[in-house]
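One structure below.
It should be emphasised that the depicted structure is a prediction, and the values quoted were computed from it without experimental measurement. What you see below is based on every heavy atom in this structure, not just the backbone, and it leaves out hydrogens, waters and symmetry mates.
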Amino acid sequence: MSQSRLRRAVVALTALPLLALGAGQAVAAPAPAPAPAPAAASKVTAIEDEVARTLAASLADPALRERLRTATAAAPAGAELPPLAAGLSGATARGLAATTARADRAVATAKGLGDLGPLLRVQLADPSMRAALDAGAAPLVATAGTDEHARTVRAYDTAGRARGLDAATLPTRPVYLVDIDTAKALTAGMDLLQRELTARGIAPAAPQAPSAAGWWGTKITSVEVNDDEEPWFKGAAEMFSLVSGFGLDGKVRVDSVAMPYLQYDGTVYYPNQILVNWSNYKYNLADVVLMEDDGDTNYLALAQAVAAVLLTIADQGAYIPLVNAVLAALPSSWWTDDPDYVESWYTLARTSTGRLNGARGNGWMTVEPYWVGQL
């Protein structure tokens, strides 16, 4: 991704939700050379790479290799790594167990989360590889890296040699992918993000609704993303939205909304999910930015960066541009390792209904007003 595209994507995370609403913006060939080692700044990817290398070498052990084959068959979406070495003797199993345990703790720290238990998992890159694997084909092990625009994917064989795989073409040789349980991390991350924003006054606890009988919300009835930014080595996406506007206290408010069902592009989902609770907002307008957890997402850093800028914005009766302030506030590391900007919607109102195309042209959703009444 070019620096200009990357910069625009990050601006969308914090600045686009609060741009002036009145302006109406819309927004059998030779094998490839081995991919370079992950950049030092990409902490989670570097951790996963170490695990992938260790796991690949471990597959020289027939017992571990068979256990991994059966575990991934039983859990196509991803099998936890720690149980693979459990109950097996020998230096290989012990080394894999130690590496996995250490890596789990390091991943949680890199994402700004507490101890969540096992986070690392492994899966077959594509179901079509199962037949070759069952027939005894020697597998490779790679990571579900964060760089969707990489031309090659770094993989390891059982001898520990690094090999480069074409990122644009699904390999014919079986490939295991080491990844984290992003659904588990996303749930914990959304909780942390909301707590941190609340603690900083950006998303205060919801006040009593104006009507004791309930409150108005906006419900997503269907949604589709054209391009989730996920190549073959990334698997299913893990998405969330940031809904922003001015709260009843006149301060900028950001609410995070997990959307774990939104996993694949070109698929229409029917979640019937509440996106906005209008009793939390002063004005009848809010903006939505759809993001994808790119693996390296540090939710604590995300909350701190958002709050540091938005706390300085006062209610002036209308939205005001924040681009320069956001660009000045974000650290340089932000440009490489944080979530992908997927889509954004502007001027969502309580009365909005029907199909709303995203500003980027990368997705759409249908919405309708929904009254949430008390029991």
Side-chain angles (χ1 to χ4, degrees), residues 34-59 64 68 71-72 77-86 92-123 125 140-148 150 152-157 160-165 167 175-189 192 230-231 233-238 292-302 331 333-340:
S42 183
K43 295 180 180 179
V44 173
T45 303
I47 296 166
E48 290 175 341
D49 187 72
E50 178 190 1
V51 174
R53 186 171 60 251
T54 302
L55 177 60
S58 299
L59 296 184
L64 272 170
L68 179 58
T72 54
E80 290 185 347
L81 274 170
L84 293 178
T92 299
R94 288 195 300 271
L96 179 61
T99 297
T100 301
R102 182 173 64 251
D104 270 325
R105 293 190 296 270
V107 166
T109 299
K111 295 180 73 63
L113 304 172
D115 185 7
L116 299 178
L119 275 175
L120 287 161
R121 62 182 184 179
V122 61
Q123 66 186 96
L140 299 172
V141 183
T143 66
T146 62
D147 186 2
E148 292 87 355
T152 57
V153 178
R154 190 179 184 87
Y156 297 96
D157 60 20
R161 294 186 296 259
R163 297 170 175 260
L165 303 178
V175 179
Y176 287 116
L177 292 177
V178 172
D179 198 2
I180 65 171
D181 187 340
T182 46
K184 182 190 244 183
L186 179 62
T187 299
L192 173 65
E230 298 291 80
F233 57 91
K234 289 287 291 179
E238 294 292 345
E292 186 261 325
D293 184 338
D294 212 12
D296 276 319
T297 307
N298 186 312
Y299 292 96
L300 180 59
L302 174 59
S333 61
W334 196 265
W335 307 116
T336 55
D337 297 316
D338 287 286
D340 283 335

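- Within the 4.5 Å cutoff, no side-chain heavy atoms of L64 are placed close to those of L68.
- A donor-acceptor contact shorter than 3.5 Å links the side chain of K184 to the backbone of L116.
- Residues A52 and T143 come closest through the heavy atom pair CB-CG2, 3.7 Å.
- Separation of atoms CG (L119) and CG (L113) is listed at 7.5 Å; rounding is to 0.5 Å.
- D104 and P82 get closest at one heavy-atom pair: OD2-CG, 3.8 Å.
- A distance of 10.5 Å separates OG1 of T100 from CZ of R105, quoted to the nearest 0.5 Å.
- Put simply, the side chain of T99 reaches to within 4.5 Å of the side chain of E50, judged on heavy atoms.
- Closest non-hydrogen pair, I180 versus A185, comes out as CD1-CB, 4.5 Å.
- Ion pairing between a basic and an acidic side chain is recognised when a charged N comes within 4.0 Å of a carboxylate O; R163 and D157 show such pairing.
- For the pair P118 and D181, the minimum side-chain heavy-atom distance is 4.5 Å or more.
- Taking OG1 of T92 as the start and CG of L59 as the end, the distance is 10.0 Å to the nearest 0.5 Å.
- In terms of heavy atoms, L55 sits closest to L81 at CD2-CD2, 4.0 Å.
- Of the possible donor and acceptor atoms, none in the side chain of R121 sits under 3.5 Å from a partner among the backbone N and O of A79.
- Under the 4.5 Å side-chain criterion, counting only non-hydrogen atoms from C-beta, V122 is in contact with L84.
- Counting heavy atoms from C-beta on, the side chains of L140 and Y176 never come closer than 4.5 Å.
- The side-chain heavy atoms of D49 and R154, taken from C-beta on, include a pair separated by under 4.5 Å.
- Residues V178 and L120 form a side-chain contact, since some pair of their non-hydrogen atoms from C-beta on lies under 4.5 Å apart.
- Looking only at side-chain heavy atoms (C-beta outward), V175 and V141 stay at 4.5 Å or farther from each other.
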